[in-house]
Amino acid sequence: MLVFIDFEASSLAKKSYPIEVGWVFEDGRSHGCLIRPAPDWTDWDPAAEAIHHIARDTLVADGTPHDVVATKMVADLSGHDLVASAPSWDGKWLSALLRAAGLDRRSLRLRASEDARRETATAILAPHVPAGALTDRVEDVLTLAQIREPAHVPAHRALADAQEERGRWCAVRTAALRAAERLQNDR
């Protein structure tokens, strides 16, 4: 099952670390939490805090210990198809979280949510469109779904942003299903 993941972080610096994670399964189940920093996680950028509005003191007081978060993620997400809007950044923070908890950084892998949207549209349309026209039809559906989606400013909160990614995927799936139904009815 697809799972849409997002992290917020201490900064964009090399030594940055995850401070919040949110994930949403394609069926809508979700989880989000603040992450209490590991003892050696000291990087902090006030400019990043101004974007996500999460104070480091809040993480220390209210965050779930980093190792508990990592263990929960491995338990809940292993075997699922994990996607993120920025897999290189989110993958960096996922890797930092897993390593800090003493877990194999490769135990969970992320890929681009854009690829999942394209794959979903392709799978839905393939039975209804000639192979030579499939790529163009998929691009049409992706564009249509994007046009119909109202422009959103990222919330810069992990769970809200993961839910937004799921919403984009749902819009593509709906657009592809409608296109497939029209094609079927035209036959």
Side-chain angles (χ1 to χ4, degrees), residues 1-9 11-12 16 18-34 47-48 50-54 73 76-95 97 106-187:
M1 180 177 294
L2 282 173
V3 182
F4 303 87
I5 295 180
D6 188 73
F7 284 95
E8 294 304 320
S11 75
L12 295 178
S16 66
I19 64 166
E20 183 180 44
V21 64
W23 64 82
V24 183
F25 286 87
E26 70 182 70
D27 65 10
R29 292 176 292 136
S30 65
H31 179 77
C33 65
L34 295 175
I51 293 169
H52 53 61
H53 304 288
I54 303 168
M73 289 184 75
D76 290 358
L77 303 178
S78 290
H80 293 285
D81 187 5
L82 311 180
V83 296
S85 62
S88 60
W89 284 108
D90 291 314
K92 169 191 175 353
W93 296 314
L94 174 60
S95 180
L97 178 65
R106 296 170 304 234
S107 57
L108 297 173
R109 302 295 240 172
L110 297 179
R111 64 188 190 98
S113 52
E114 180 179 332
D115 294 343
R117 290 191 297 269
R118 180 169 276 103
E119 291 162 6
T120 297
T122 300
I124 291 169
L125 293 172
H128 306 283
V129 178
L134 184 59
T135 300
D136 288 342
R137 188 61 70 123
V138 166
E139 291 305 316
D140 290 346
V141 164
L142 293 171
T143 300
L144 181 63
Q146 185 178 1
I147 290 170
R148 286 186 175 162
E149 246 330 91
H152 292 283
V153 175
H156 293 294
R157 290 303 301 259
L159 184 56
D161 290 349
Q163 289 168 329
E164 182 71 26
E165 276 304 298
R166 178 184 175 269
R168 286 188 187 99
W169 175 80
C170 287
V172 166
R173 182 181 62 185
T174 298
L177 288 168
R178 287 181 181 152
E181 183 179 339
R182 281 192 307 275
L183 291 165
Q184 185 68 28
N185 290 338
D186 289 348
R187 286 186 181 176

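Values below: all heavy atoms of this structure, side chains included; hydrogens, waters and symmetry mates excluded. Throughout, residue positions are numbered sequentially from 1 according to the sequence presented. These figures come from a predicted structure and were not determined experimentally.
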Visitor: Quick one: closest heavy-atom pair of S30 and V24, and the distance?
Guide: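 Answer, listing the atom of S30 first, then V24: CB-CG2, 3.8 Å.
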
Visitor: Under 4.0 Å between a Lys/Arg side-chain N and an Asp/Glu carboxylate O for E114 and R168?
Guide: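 Looking at R168 together with E114, the answer is no, because their closest N to O distance does not fall below 4.0 Å.
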
Visitor: More than 12 heavy atoms of other residues, nucleotides or ligands under 6.0 Å from CZ of R137: is that the case?
Guide: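 Count not over threshold, so no.
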
Visitor: Check salt bridge (charged side-chain N to carboxylate O under 4.0 Å, His left out) between D140 and all other residues, then give those that pass, not counting sequence neighbours.
Guide: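 Partners of D140 by the salt bridge (charged side-chain N to carboxylate O under 4.0 Å, His left out) criterion come out as none, since no residue qualifies.
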
Visitor: Looking just at side-chain N and O atoms, do W169 and S113 make a donor-acceptor pair shorter than 3.5 Å?
Guide: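 Not at all, the side chains of W169 and S113 share no donor-acceptor pair under 3.5 Å.
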
Visitor: Just wondering, do D161 and S85 contact through their side chains at under 4.5 Å, heavy atoms?
Guide: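 No, their side chains stay 4.5 Å or more apart.
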
Visitor: If every non-hydrogen atom of S107 is compared with every non-hydrogen atom of S78, which pair is closest and at what distance?
Guide: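 Residues S107 and S78, closest heavy atoms: O-OG, 4.4 Å.
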
Visitor: Flag the pair V83 / L110 as yes when at least one side-chain heavy-atom distance between them is below 4.5 Å, and no otherwise.
Guide: no

Visitor: Taking the side chain as C-beta and beyond, is there a heavy-atom pair between D6 and D90 under 4.5 Å?
Guide: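 Side chain of D6 against side chain of D90, heavy atoms only: contact under 4.5 Å found.
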
Visitor: Are more than 12 heavy atoms, taken from residues, nucleotides or ligands other than E139, located less than 6.0 Å from that residue's CD atom?
Guide: yes

Visitor: Quick one: list whatever passes side-chain contact (heavy atoms from CB on, under 4.5 Å) with R29, sequence neighbours left out.
Guide: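 Partners of R29 under the side-chain contact (heavy atoms from CB on, under 4.5 Å) test: M1, F25, D27.
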
Visitor: Does some side-chain heavy atom of R118 sit less than 4.5 Å from a side-chain heavy atom of V138?
Guide: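 Yes, close enough: below the 4.5 Å cut-off.
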
Visitor: Can you name the closest pair of heavy atoms from A158 and V21 and give their distance?
Guide: CB-C, 3.5 Å

Visitor: Hey, is R111 close enough to D81 for a salt bridge, meaning N to O under 4.0 Å?
Guide: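 Yes.
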
Visitor: Using side-chain heavy atoms (C-beta onward) and a distance below 4.5 Å, is D115 in contact with E119?
Guide: yes

Visitor: Over all heavy atoms of both residues, which pair between P87 and A84 is shortest? Give the atoms and the distance, please.
Guide: CD-O, 3.4 Å

Visitor: So, R117 and E165, do they make that salt bridge, N to O below 4.0 Å?
Guide: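 Salt bridge between R117 and E165, a charged N being under 4.0 Å from a carboxylate O: yes.
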
Visitor: How far does CZ of F4 sit from NE2 of H80, to the nearest 0.5 angstrom?
Guide: 13.0 Å

Visitor: In Å and rounded to the nearest 0.5 Å, what is the CG to NE2 distance from L159 to H31?
Guide: 9.0 Å

Visitor: Once you round to the nearest 0.5 Å, how far does OG of S16 lie from CZ of F7?
Guide: 11.5 Å

Visitor: Once you round to the nearest 0.5 Å, how far does CD of E26 lie from CZ of R166?
Guide: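 Output value for this atom pair is 8.5 Å.
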
Visitor: What's the verdict on side-chain contact (heavy atoms from CB on, under 4.5 Å) for L2 and L82, showing C-alpha distance, side-chain angles and the deciding distance?
Guide: CA-CA 6 Å; L2 282 173; L82 311 180; over 6 Å; no

Visitor: Check the pair W23 / M73 against side-chain contact (heavy atoms from CB on, under 4.5 Å), numbers first and verdict last.
Guide: CA-CA 9 Å; W23 64 82; M73 289 184 75; 3.3 Å; yes

Visitor: Compare all side-chain heavy atoms of L77 with those of I5 and state whether any distance is below 4.5 angstrom.
Guide: yes

Visitor: Check the side chains of E20 and H52 for a donor-acceptor pair under 3.5 angstrom, ignoring hydrogens and angles.
Guide: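 Side-chain D/A pair, H52 to E20: absent.
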
Visitor: Determine the minimum heavy-atom distance between A9 and A48, stating which atoms define it.
Guide: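 It is O-CB, 4.1 Å.
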
Visitor: So which heavy atom on A179 is nearest to which on L125, and how close?
Guide: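 The answer is CB-CD2, 3.9 Å.
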
